[in-house]
Protein chains: 2
Amino acid sequence: MRLNGLDERIVHALAEDARRSYADIGAEVGLSAPAVKRRVDRLRADGAITGFTVTVDPAAIGWRTEGMIEMFCRSRTAPEDIRQALARYPEVVSASTVTGEADAVVQVLAADMRHFEQVLERIAGEPFVERTKSVLVLSPLLRRHAAGPPG
Amino acid sequence: MRLNGLDERIVHALAEDARRSYADIGAEVGLSAPAVKRRVDRLRADGAITGFTVTVDPAAIGWRTEGMIEMFCRSRTAPEDIRQALARYPEVVSASTVTGEADAVVQVLAADMRHFEQVLERIAGEPFVERTKSVLVLSPLLRRHAAGPPG
DNA sequence: AGTGAAAGCCACACATT
DNA sequence: AATGTGTGGCTTTCACT
């Protein structure tokens, strides 16, 4: 499916503040409130919009250590097995199977180094994991939004 | 700062659906609507909540190719320079400076391989970039939410 | 943190182009 | 097919307890 200009502007307005009123957005894009709502409903029904969420600053709640773990798995490990295992970690923010040497890349958010290390060790201890390689995030430069499969 | 149990439950409710009414959330956590709003306002003021956004399924709008680009920069390149350069790319979802060999890791979302390649070439052509190394995402396994600096 | 009132917003039906 | 108008009902917001 394809978004037209109006849909894009509505999504953009919601991306900046998902709690803005439809009337408010309508005033910006030149539509009435019901018209905006209808388009949002359609975008949700079509799967273009997957939901509305709050964005939390991890640092503000004491989660100050971020890192990425590359996972090297046993051959013939199913992506679904990896997903199920990682879904149990609240510290895992995102995970994807990738091309290249590693099988998957996992983004982890932890309170501190000690916490990060614990998560790393637990992930490294998963039965299908052969070895891991991890890097720490020094400073997050940009962070935008897009959602694939529900977490 | 630290969230107490009530705040956590409110944030959790908003994380699932940021457009839920305060009355609805209040019924779930055992608070009146104004009480919920007051807590949310305080969390925003404290910086724990950075905003409310819509989550978009890139695949549904025709962006089907995702990848990560490791950037190797010239020495003494400031993180802020990297941030400013990358902020101009709508295809850049997130970017961080990291420990290890690479200086920064950039997550990119593109329509297709051709588009991804164009972005890669443009990023590789930035004056402070010496070389890049990229991996493609095969399948996104998990995607949760947290926001650091505004994009 | 709760209550009550006023303002504003949402969601639906129906009419319009 | 998509948008605008109008109305009832709910939500938000504010002052006060």
Side-chain angles (χ1 to χ4, degrees), chain A residues 1-58 60-63 144-147 150-151, chain B residues 1-64 90 111 144-147 150-151:
Chain A
M1 78 149 293
R2 186 77 198 98
L3 276 63
N4 65 24
L6 233 38
D7 288 330
E8 268 179 45
R9 289 169 69 192
I10 291 171
V11 169
H12 188 252
L14 287 170
E16 283 183 344
D17 181 4
R19 284 191 79 93
R20 274 183 75 179
S21 73
Y22 293 133
D24 202 19
I25 297 168
E28 184 175 311
V29 304
L31 242 48
S32 69
V36 174
K37 188 198 181 304
R38 273 194 290 266
R39 291 177 101 103
V40 171
D41 286 345
R42 183 172 54 75
L43 290 168
R44 289 203 72 159
D46 291 349
I49 289 178
T50 55
F52 302 95
T53 47
V54 62
T55 55
V56 175
D57 181 2
I61 58 174
W63 291 54
R144 289 169 184 157
H145 283 280
Chain B
M1 78 151 290
R2 186 78 199 99
L3 277 63
N4 67 23
L6 232 38
D7 288 330
E8 269 181 43
R9 290 169 68 192
I10 291 171
V11 169
H12 188 251
L14 287 171
E16 284 182 343
D17 180 6
R19 284 190 77 92
R20 274 182 75 179
S21 72
Y22 293 133
D24 201 19
I25 297 169
E28 184 176 311
V29 304
L31 242 50
S32 68
V36 174
K37 188 193 183 307
R38 270 195 294 270
R39 281 172 181 265
V40 172
D41 286 345
R42 185 173 52 75
L43 290 168
R44 290 203 72 160
D46 292 349
I49 289 179
T50 55
F52 302 96
T53 49
V54 63
T55 55
V56 175
D57 181 3
I61 57 174
W63 292 53
R64 308 197 138 85
R144 288 168 185 157
H145 284 280

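A pairwise comparison of heavy atoms in A/D57 and B/G47 identifies CB-O, 3.3 Å as the closest pair.
For A/R9, there are no salt bridge (Lys or Arg N to Asp or Glu O under 4.0 Å) partners at least two apart in sequence or on another chain. With sequence neighbours left out, A/A15 forms a side-chain contact (heavy atoms from CB on, under 4.5 Å) with B/V54. Checked against side-chain hydrogen bond (donor to acceptor under 3.5 Å, both in side chains), A/E28 has the following partners two or more places apart in sequence or in another chain: A/R20. The side-chain contact (heavy atoms from CB on, under 4.5 Å) check on B/R19 picks up A/L14, A/Y22, A/F52, B/D17, with sequence neighbours excluded. Every residue meeting the side-chain contact (heavy atoms from CB on, under 4.5 Å) condition with B/A111, not counting sequence neighbours, appears here in chain and number order: B/H115. Contacts of B/D41 classified as side-chain hydrogen bond (donor to acceptor under 3.5 Å, both in side chains), with partners at least two apart in sequence or in another chain: B/K37. When the side-chain contact (heavy atoms from CB on, under 4.5 Å) test is applied to B/A23, the partners found at least two apart in sequence or on another chain are B/S21, B/A33.
In this structure, the helix from C/dA1-D/dT17 to C/dT17-D/dA1 shows an angle of 40° between the axis at its start and the axis at its end, each fitted on 5 base pairs and rounded to 10°.
As judged by a 4.0 angstrom heavy-atom cut-off over every strand, A/S32 is placed among the base-contacting residues.
We find that CG of A/L6 is positioned 11 Å from C1' of D/dT3, with the value rounded to whole Å. Nucleotide D/dT11 holds its C1' atom 12 Å from the CZ atom of B/R19, rounded to whole Å.
A donor-acceptor pair is defined here as one N or O able to donate and one able to accept, closer than 3.5 Å; no such pair exists between the side chain of B/R44 and the backbone of B/I49.
Toward the 5' end of DNA chain C, the nearer of the two residues A/A23 and B/R39, judged by each one's closest nucleotide, is B/R39.
First and last contacts of DNA chain C with chain B, using any nucleotide atom under 4.0 Å from a protein heavy atom and ordered 5' to 3', fall at C/dA1 to C/dC10.
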Interface polar pairs with nucleotides 13-16 of chain D, N/O, under 3.5 angstrom:
residue: D/dT13; atom: OP2; partner: B/K37; partner atom: NZ; Å: 3.4

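Taken from CG in B/L43 to CG in B/D7, the straight-line distance is 4.5 Å, to the nearest 0.5 Å.
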